[in-house]
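One structure below.
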Amino acid sequence: MSHDVVKTEPIEGQKPGTSGLRKKTRVFMEPHYLENYVQAIFDGTGGVAGKTLVVGGDGRYFNDRAIQVILRMAAAGGAARCIVGQRGLLSTPAASNLIRKRAADGGLILSASHNPGGPDADFGLKYNGPNGGPASEGVTAKIFEHTKTISEYTILSAHDVDLGSLGESTLGEMTVEIVDPVADYAALMEQLFDFDAIAKLFAGGFTMCFDAMHAVTGPYATAILEDRLGAAKGSVRNGMPSPDFGGGHPDPNPIWAKELMDTMYGPDAPDFGAASDGDGDRNMIVGRGAYVTPSDSLALLAAQAHLAPGYKDGLAGVARSMPTSGAVDRVAESLGIDCYETPTGWKFFGNLLDAGKVTLCGEESAGTGSDHVREKDGLWAVLLWLNILAATGKSVKDLMAELWEAHGRCYYSRHDYEDVEADKAGAMIDRLRGMLADLPGQAFAGLAVEWADEFAYDDPVDHSRSEGQGLRIGFAGGGRAVFRLSGTGTVGATIRLYLESLETDPGKLQLDPEEMLAPINAAALAISDLKAMTGRDKPDVIT
Ligand code: G1P
Ligand code: ZN
């Protein structure tokens, strides 16, 4: 078999500090585009000679073709072994686990997360390092440099590898090992959770509905929830991964998982509902008639994690992203453990997890996880919830009511203004930044501002500083509004406005969040002048 050296030109690649490259699928399919990026990853990480890599993705359109290219390029680069999920499938947390378990040098994960898939939708590729987590800022910077200077790549001329058959084969000098994508992940879950107690719960008639949203968690959820734990057949919905996610938007929130919400608020609602996203790292939790915000879910899991065998000794600490509500802070305080506030993005948790400072972490955007891998993990969160439900025998609704009675309720909502003209969004943020220092003491829409700042983070482990991480405004009474621009949107700019207010009055713990947050929303809009500055009079998505 021969190695071809192909002349090529630089591409517009992954920006440093972003986890992976996301583009329209057709861009990835352009001649040499994928190849250039893969070569830049290899070169930016010191070459692949002699290395072991984990390769897999969420099954979206182009997943299989891209994996064939990656394998031929890894072989041409002298890699010793590629461990590949059968049929090219690996959820993001399962890939993170495999990298760690097999002590691989890194992994290539093909996914655009919760973005739609298909020839006219989105594709993505990211590199994870030997700890199983997203590449550090330093590594992504090196990869980025290579995308700008690349002039050639090497690829083996060879037939396609059969991704369907388990076992080893060779591609040039490289071993290709096709593994069951579920087996190692399921074994890890079995170590962490009391599978017998959960199985008993199902055997006792407990019902659930897991919506895999036609994405990668289908096979994982079916194998673990139905086959292993005995949930009734059909508990997993939309469980066959499809290249375009059934034409849907595999983002587990009340908007995109509406079918599940309707079931859980309908007359025949099961006891427990959950969903996960395209690549299986996000989760949504909903009880019978009781949606749980991701911020509240993190707080509940922190309060009750000790009920699961993997966390029986308690938590070292917890971490949340800055826009996530302060609900978990209150739980951490009562447990007497540290709570870290990090910028948005999972990579900031990696150092804290590696250093053993935190055990659990999460984001308001439906990401929850622990030190078991270095990615957020959708099904893990579902299983921890199930373990807690089994151990307490209580309903989701009751568990949440008890949490709020003990700690107060952080009413919370995120308002997204999508596809705003980038210069208008930037101008609004710049104006607000300029006003921050003068805000305290002033009142807007009847609410007094107590403090305001721009969030910056000093990493307690590597001592790096990240600035410009969101504008925060604190109001009298403990409410908060945060403005930040999305770093993952693909069209125009997305302004995220995060609203939060703490309620400790026992008579006001079961009210409508949007109504409770209306005064803070009005004040935030008055301060930012968002409507006039962007021409938008209401958010596109409320989650
Ligand atoms: C969004 C979420 C953030 C998450 C990221 C990747 O980023 O808000 O919490 O880590 O997707 O899944 P954003 O678009 O807000 O920059
Ligand atoms: Zn995801």
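Atoms within each ligand, like the ligands themselves, are counted from 1 in listed order.
Although no hydrogens or angles enter the test, the distance criterion places no donor-acceptor pair under 3.5 Å between the side chain of T494 and the main chain of E418. Of the possible polar contacts, none joining the D58 side chain to the S111 backbone as a donor-acceptor pair under 3.5 Å is found. Between the R228 side chain and the E190 main chain, no donor and acceptor come within less than 3.5 Å of each other.
Closest heavy-atom approach to atom 16 (O) of ligand 1 among the candidates P134, G367, S113, G487: G487. Nearest-heavy-atom check against atom 12 (O) of ligand 1 across K376, H114, E363 picks out K376. Closest heavy-atom approach to atom 3 (C) of ligand 1 among the candidates T344, N115, T92: T344.
Taking every non-hydrogen atom of R484 and a distance limit under 4.0 Å, the qualifying atoms of ligand 1 come out as 13 (P), 15 (O), 16 (O). Atoms of ligand 1 found under 4.0 Å from any heavy atom of R496 (numbered from 1 in listed order, with element): 8 (O), 13 (P), 14 (O), 15 (O). In the vicinity of S365, heavy-atom distances shorter than 4.0 Å reach the ligand 1 atoms 2 (C), 3 (C), 4 (C), 8 (O), 9 (O). Residue-ligand proximity, E364 to ligand 1, at heavy-atom distances under 4.0 Å covers atoms 8 (O).
D277 contributes atom OD2 as its closest N/O/S atom to the Zn ion (ligand 2). Looking at D281, its N, O or S atom nearest to the Zn ion (ligand 2) turns out to be OD1.
The shortest separation from a heavy atom of G345 to ligand 1 is under 4.0 Å, placing the residue in contact.
Remark: K424 pairs with E421 by the side chain to side chain donor-acceptor pair (under 3.5 Å) rule, at least two apart or across chains.
Considering D279, D377, D281 in turn, D279 is the only one that fulfils the side-chain hydrogen bond (donor to acceptor under 3.5 Å, both in side chains) rule with T92.
Rounded to 10 degrees, the OD1-metal-OG angle spanning D279 and S113 at the Zn ion (ligand 2) equals 110°.
Taking the six-membered ring where the residue is Trp, W256 and H249 present parallel rings, their angle staying beneath 30° rather than reaching 60°. Between F28 and Y37, the angle of the ring planes goes over 60°, which puts this pair in the perpendicular group of the 30/60° scheme.
K531 NZ: 12 or fewer foreign heavy atoms inside a 6.0 Å radius.
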